[in-house]
Amino acid sequence: MNWKNIVTVYLKELKDSLRDRRTLISIIVIPTFVMPALFFGVGKIAAGVVNKAREEIPSVMVLGGEDSPAVVAELGAAKKFKVVATAPDWKQQISDKKVRAAIQLPPGFEAGLKVGEAGPVILYNYEGELKSGFAVNELERFFRELRDRTVTARLAERSLPATLVRPFEFKRENVAPPEKVGGNLLGGIVPYLIIILCFTGAMYPAMDLTAGEKERGTMETLLCSPVPRVDLVLGKFLMVLTGSLSAMLLSLASMGISAVVAGMVFAGGPGAAKAAGQAQGGAGLIPIIDPMGLLGVVAMVLPVAVLFSAVIFTVALFAKSYKEAQSYVGPMIFIVIMPAVVGMLPGIDLNLRLALVPILNLSLVCKEMLSGVWHWNYIALIFGSSCLYAAVALGLAVKMFNREDVMFRA
Amino acid sequence: MIEAHHLTKTFKDKKRGLIRAVEDVSFTCQPGQIYGLLGANGAGKTTTLRMLATLLQPTSGTAKLAGHDVATEADQVRANVGFLAASTALYGRLTAREMIRYFGQLNGLSDEAIRARIKLLADELDMHEFLDRRCEKFSTGMKQKTSIARTLIHDPAVMIFDEPTLGLDVMTARAIVKFVRECRNRGKTVIYSTHIMSEVEKLCDVVGIIHDGRLVAEGTLAGLRARYGEQDLEEVFVKAVGGEAALAAAAKN
């Protein structure tokens, strides 16, 4: 192994890649501009959709209730929803989103309330549909208030205090620093994004430097040089790793800057945005992240970026053309996404077995580090195992590069 | 000098089983000599040359180039060889100068030596006009000149040409033939594979006829003509490989 050769190959590949539009788009343009635009754009659209849904006054139907005119009248007077005429196809109308929910009042509901024997009120909604969910929430609030009023009235009739059924109040207050709350909120999504970006950043340089070169005929030219194969692999591999890391770091930097700018635009300045974030326990416009946690995440990502780069490099090496490489490497993203998604799920905690599962272990430990939990034994185990996997993958890449049936596949 | 002894190369194929691409090929090529490897498509020329250039490992047999063994001293062999084939392309996103410099660096030359060699080669090959333009925009002739400069940057003792005129226009092909002759005149050991008879007649001092992976005949042009009683090289070639039926059968395989 000769570092001079490796650096020569790396610098040439860097220059070559920086002149390739596809690689530039994948390692610079998408992470710097598209990812933050998507991240904030989708967030803004989602918030807009939810707000619009909240603003809509949902139509609801009342089934039964002929013997409960006061309750029906009160429902009709409510401002948060609008009672429409009952129709026999009410279920279909809920499915067709013409009506958002329906209320089934039991026979003799009002009379039953007076004697304390009212039957259950059934609220019908379309599970999973946002506006139907909002409608049924309003209906629940209405009946909760009706129940509370009924209880209060009954206690008053018997000259009993309200504290009889509500002996004390409680409320919660946050003691976690804002950055820990921010870490908890972003602990799942940040590692997920980093993993995806590391992978996609490595994809295009890896395919271009292997299958792309085979297709263009430059691989054979390169193999004619006296440089040992291992130096060629390492020089090329370093370029793939550069793509992977630059995609990740540029995206993180760009999203950080976008968040500050968004804070200035929407909250009247970075200070105001930060204050808003702190006031909401770190859940404001800019969730505050512990910088040490973020540094820890970047450090833990390094061996995984090496692993991704080496694996994609090896797989793409098998292909005879860029197109063939795309068909091999493209589906691999699902293998990467699955453990990253599992790591985002609540309730999955780091243990000895999971600490050895690549990608998932990174996702879990990053979540912990961002929320201020530093399990040093797990961190060492995950870093060590990731380094080992990366070394094996890199060894495999060198081995494949030396196989003539791979390099000269007919 | 090139010395090939009983070179054999087999490939495994899922459908066709074990394929003997090259079988028991032996020949010697002296410095200042052009050895022509003449054969039809698929006869085993490229595989033989790739073994000599250390791109492929022989299944059995040995070869030495400039005194280095292809199996055990591959890096030294490559340091003494210039390999030019129709399949060895240029980096389209690099300029001709960057391309030649890169291969100079890979061959361990100093920056100063590279600069001097590029100037010399650009003078000889008349490349100054396009030296700083990207290769992707080049005409075929410009590409071939850049490829030649790339193979010569380290001034190798052995030159391997694998059908270098394939698909080229007449003028570019003539320039290549002239360049190969100059290599011989400078005392380099040259091996030249082709299936174009006129190129063999113009260039080669010794000719090896390869058919179905085997070296079926070898000698000077005059010697081969005398042995097969034919003046036309194409007829010599057909007789050497065992007639048209044998050629057709090989093409089928």
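Letters A, B, ... mirror the listed sequences (proteins, then strands); counts begin at 1.
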Any heavy-atom pair between the side chains of [Y] and [X] that's under 4.5 Å?
{"X": "A/C224", "Y": "B/V81", "result": "no"}
{"X": "B/L55", "Y": "A/M407", "result": "no"}
{"X": "A/D405", "Y": "B/F11", "result": "no"}
{"X": "A/R19", "Y": "B/R134", "result": "yes"}
{"X": "A/R229", "Y": "B/D75", "result": "no"}
{"X": "A/L222", "Y": "B/L106", "result": "yes"}

What closest approach, in Å, do [X] and [Y] show between heavy atoms, and which atom pair accounts for it?
{"X": "A/T8", "Y": "B/Y102", "result": "O-CE1, 3.8 Å"}
{"X": "A/E220", "Y": "B/T88", "result": "CG-CG2, 4.0 Å"}
{"X": "B/R78", "Y": "A/L223", "result": "CD-O, 3.1 Å"}

Option in A/N5, A/V227, A/D20 with maximal non-hydrogen atom pairs under 4.5 Å from chain B: A/D20
The reported gap from OG1 in A/T221 to CZ in B/R150 (rounded to nearest 0.5 angstrom) is 5.0 Å
Just how far is it from atom CG of A/D16 to atom CE of B/M99, taken to the nearest 0.5 Å? 10.0 Å
Between B/F103 and chain A, which part of the residue has a heavy atom less than 4.5 Å away: side chain, backbone, both or neither? side chain
